[in-house]
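Below is one structure, written out as structure tokens; comments come after it.
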Amino acid sequence: MSEIVVYEVDKPSATRSAGPSAGAERRVRRVHASPAVPGSRAAAGPRTLCGKDTFAMETAHWTPPDRPGAPWYPEEYATLVCPDCAAVMEI
């Protein structure tokens, strides 16, 4: 697989009484696929397969299982997969 899984995330929400970085949580809104940067296996390119900018997205620290039919995304995010990226990945 030469695509990288990236997460479109919400802005962090910190708890009021905690400091600016304590308690910050980023929730995954959508799971996308991005072509890898040429010469790299871990860096996402500038755009996802559906055309979104990857600048503010987080790269998943996940590797798909090496078996036929395995999903390209982490299964716990199956309901959050971008349908446009999924359509391209099926080709």
Side-chain angles (χ1 to χ4, degrees):
M1 177 173 133
S2 62
E3 283 75 29
I4 306 294
V5 175
V6 291
Y7 300 135
E8 184 178 344
V9 294
D10 286 336
K11 292 181 177 150
S13 59
T15 58
R16 234 184 118 131
S17 60
S21 61
E25 183 180 314
R26 294 176 67 103
R27 189 173 59 98
V28 175
R29 287 181 20 202
R30 184 69 72 190
V31 177
H32 296 276
S34 171
V37 171
S40 173
R41 294 181 140 180
R47 300 244 176 243
T48 63
L49 296 179
C50 67
K52 291 192 176 230
D53 187 352
T54 61
F55 176 74
M57 294 187 187
E58 293 181 1
T59 302
H61 299 290
W62 180 81
T63 305
D66 191 20
R67 60 177 157 67
W72 56 268
Y73 50 85
E75 291 187 39
E76 64 266 23
Y77 294 121
T79 60
L80 301 175
V81 171
C82 169
D84 295 331
C85 287
V88 174
M89 291 296 288
E90 288 179 11
I91 297 175

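Residues take their numbers from the sequence shown, with the count starting at 1. Values in this document were obtained by computation on a predicted structure and should not be read as measured data.
- Counting all heavy atoms, side chain and backbone alike, Ala44 lies closest to Val6 at CB-CG1, 3.7 Å.
- Atom-to-atom distance recorded for Tyr73:OH and Cys85:SG is 12.5 Å, nearest 0.5 angstrom.
- The side chain to side chain contact (heavy atoms under 4.5 Å, CB included) search around Ala36 returns Ile4, not counting sequence neighbours.
- Panel note: side chain Thr54, backbone Thr48; no donor-acceptor pair is recorded below 3.5 Å.
- Here the CZ atom belonging to Arg27 is positioned 4.5 Å from the CG atom belonging to Asp10, to the nearest 0.5 angstrom.
- Note: Glu58 CD to Glu8 CD = 11.5 Å, rounded to the nearest 0.5 Å.
- Pairing each heavy atom of Arg30 with each of Leu80, the nearest pair is CD-O, 2.9 Å.
- Closest of all the heavy-atom pairs between Val9 and Ala56 is CG2-O, 4.4 Å.
- Note on Val88 and Val31: same hydrophobic cluster, where clusters join Ile, Leu, Val, Met, Phe, Trp and Tyr whose side-chain heavy atoms are under 4.5 Å apart, directly or indirectly.
- Under the side chain to side chain contact (heavy atoms under 4.5 Å, CB included) criterion, Ala70 pairs with Pro65, Arg67, not counting sequence neighbours.
- Atom CD of Glu75 sits in a sparse spot, with 12 or fewer heavy atoms from other residues, nucleotides or ligands closer than 6.0 Å.
- The side-chain heavy atoms of Tyr77 and Pro71, taken from C-beta on, include no pair separated by under 4.5 Å.
- One distance of note links CE of Met57 with CZ of Arg29; it measures 8.5 Å at 0.5 Å rounding.
- The shortest heavy-atom contact between Ala33 and Trp72 is CB-CZ3, 3.7 Å.
- Residues passing the side chain to side chain contact (heavy atoms under 4.5 Å, CB included) test with Asp53 are Arg47, Phe55, sequence neighbours excluded.
- Rounding to the nearest 0.5 Å places SG of Cys50 at 5.0 Å from NE2 of His32.
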